[in-house]
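Below: the structure, in structure tokens.
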2 protein chains.
Amino acid sequence: MEAKEISKAVIKRLPRYYRYLGELIEENVERISSGDLSKKMHVTASQIRQDLNNFGGFGQQGYGYNVHYLYMEIGKILGLDTIHPMIIVGAGNLGQALANYSDFEKRGFRLVGIFDVNPVLEGISVRGIGIQMINTLPEFLKENPVEIAILTLPKHKAKEMANVLIKNGVKAIWNFAHIDLDAPEDVIVENVHLSESLMTLSYNLSQYRKEHVEEKKETEN
Amino acid sequence: MEAKEISKAVIKRLPRYYRYLGELIEENVERISSGDLSKKMHVTASQIRQDLNNFGGFGQQGYGYNVHYLYMEIGKILGLDTIHPMIIVGAGNLGQALANYSDFEKRGFRLVGIFDVNPVLEGISVRGIGIQMINTLPEFLKENPVEIAILTLPKHKAKEMANVLIKNGVKAIWNFAHIDLDAPEDVIVENVHLSESLMTLSYNLSQYRKEHVEEKKETEN
């Protein structure tokens with residue numbers, strides 16, 4: 001299987017396939033046709049077939065997909081078949097919210113440390129993990145294998161801390177700070193810019209309103 | 001200005017332009033050339049020119065963009081020049097984290113209510129707003145204008161609650177539940193699927209590792 005050739009658009013759809021297949025497993029569905037999967041996912045059946053063909057033929061004509069097998073295979077492609085030790089840097093509301101997502105743990109994202117600058121938070125336990133002060137982070141990274149760092153610090157601290165993480169061998173940053181990090185090529189950065197998502201919502205809402213008002217005016221004239 | 005014709009790709013870049021322009025204002029920069037803006041944003045200068053030309057000519061040849069004017073105009077296009085009354089449905093960690101984002105308020109997203117099903121949370125105040133029980137939500141929506149609902153409930157409750165929101169006139173849902181909502185066409189839905197973002201990170205990490213290991217093997221042979 002040559003996952004390397006897969007396009008970005010397909011990669012973006014993979015977690016969604018994975019989610020829907022997980023739901024089918026919960027519903028005890030063992031096989032599903034691309035047609036039925038398509039209805040469930042609001043994607044065309046040919047899109048699904050094309051996407052899945054990137055990973056070899058998981059489906060059989062007239063027989064459909066084996067849900068569990070497909071789920072496991074997509075999980076492997078997404079790297080969910082291995083354990084990813086993970087830390088959270090920034091134990092504010094958002095950091096604590098993410099620490100409490102037990103679903104991440106189920107997928108192999110194992111939380112091994114939580115760090116903050118605020119001494120008030122020191123030692124407070126979130127899902128059994130005590131919050132540590134950030135100045136102990138370099139030492140911690142030397143002693144513990146950590147793959148992913150979740151960065152939930154305010155933006156003025158995020159860049160500096162990202163450099164500390166990178167310098168100490170963290171290979172992936174899930175960045176919630178409202179800033180673009182300058183990471184070297186061998187460090188994977190995935191951004192979640194929440195306020196940009198809210199602005200997109202606001203844009204769509206304004207546009208809809210504008211069109212709606214214009215339609216209304218035209219009807220009235 | 002005919003914002004209606006603007007492509008989705010441009011719309012996705014607008015909040016980013018807005019963010020960078022905001023940073024420039026903080027740094028007291030009054031004018032910037034598309035070349036300098038381009039370096040700052042890691043986008044080509046011609047991309048910036050093309051994008052901004054969609055909204056009319058904000059820049060002048062050899063003179064650059066007026067930062068504050070451009071910031072305000074993009075804000076208007078994003079609908080940030082009006083107040084958007086907003087509620088949070090689901091006052092768990094994530095809901096409370098979002099309630100505490102004072103930056104949203106600055107952009108016109110005014111939090112007017114927080115709701116949850118958990119009686120333990122009733123009356124607890126987040127940023128001066130007491131958490132109310134979810135059964136009071138329909139009544140609240142009748143009495144208070146609410147544009148946007150932030151849905152931070154577990155997925156098994158999200159669909160039902162989305163229907164309540166829509167039935168009671170909420171026109172936009174910012175959905176953090178790990179589920180796709182079936183909303184009518186006149187309701188704007190913007191999804192933040194955090195675990196899908198984490199899986200994309202994990203995919204990229206696995207791919208990088210795979211390539212790196214392969215390179216290493218080739219060097220060793």
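Per chain, numbering begins at 1; letters A, B, ... match sequence-line order.
- For the residue pair A:N93 and B:Y101, no side-chain donor N or O sits within less than 3.5 Å of a side-chain acceptor on the partner.
- Taking B:L194, B:V189, B:L98, B:T82 one by one and counting their heavy-atom pairs under 4.5 Å with chain A, the maximum is reached by B:L194.
- Rounding to the nearest 0.5 Å places CG of B:L198 at 8.5 Å from CD of A:E190.
- For B:D186, the side-chain hydrogen bond (donor to acceptor under 3.5 Å, both in side chains) test picks out B:K171, with sequence neighbours left out.
- The number of heavy atoms from other shown groups lying within 6.0 Å of CZ (A:R110) does not exceed 12.
- Only the side chain of B:D182 comes within less than 4.5 Å of a heavy atom of chain A; its backbone N, CA, C and O stay farther away.
- Contact annotation for A:D103: neither backbone nor side-chain heavy atoms come within less than 4.5 Å of a heavy atom of chain B.
- Considering B:R19, B:R107, B:R16 in turn, B:R19 is the only one that fulfils the salt bridge (Lys or Arg N to Asp or Glu O under 4.0 Å) rule with A:E196.
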Does the side-chain contact (heavy atoms from CB on, under 4.5 Å) test come out yes or no for B:D180 and A:H42, once each step is laid out?
CA-CA 10 Å; B:D180 292 325; A:H42 309 284; 5.6 Å; no

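- Nearest heavy atom pair, residue B:L201 against residue A:A172, reads CD1-CB, 3.9 Å.
- Inter-residue side-chain proximity for B:H84 and A:S202 is flagged as met; some heavy-atom pair is nearer than 4.5 Å.
- Closest approach of A:I77 to B:Y203, counting heavy atoms only: O-CD1, 3.1 Å.
- The 12-atom threshold is not exceeded at CD of B:E160, counting heavy atoms of other residues, nucleotides or ligands nearer than 6.0 Å.
- For the atom pair CD of B:Q96 and CG of A:L94, the computed distance is 12.5 Å after rounding to the nearest 0.5 Å.
- In terms of heavy-atom pairs under 4.5 angstrom with chain A, the leader among B:N191, B:V187, B:I179 is B:I179.
- In this structure, the side chains of B:M199 and A:L80 come closer than 4.5 Å at one or more pairs of heavy atoms.
- The candidate from B:S197, B:G79, B:G95 with the greatest count of non-hydrogen atom pairs under 4.5 Å with chain A is B:S197.
- With a 4.5 angstrom heavy-atom cutoff, B:H178 touches chain A via backbone and side-chain atoms both.
- Applying the side-chain hydrogen bond (donor to acceptor under 3.5 Å, both in side chains) criterion to B:E23, with sequence neighbours excluded, gives no partner residue.
- Counting non-hydrogen atoms of other residues, nucleotides and ligands closer than 6.0 Å to CE of A:M72 gives a total of 12 or fewer.
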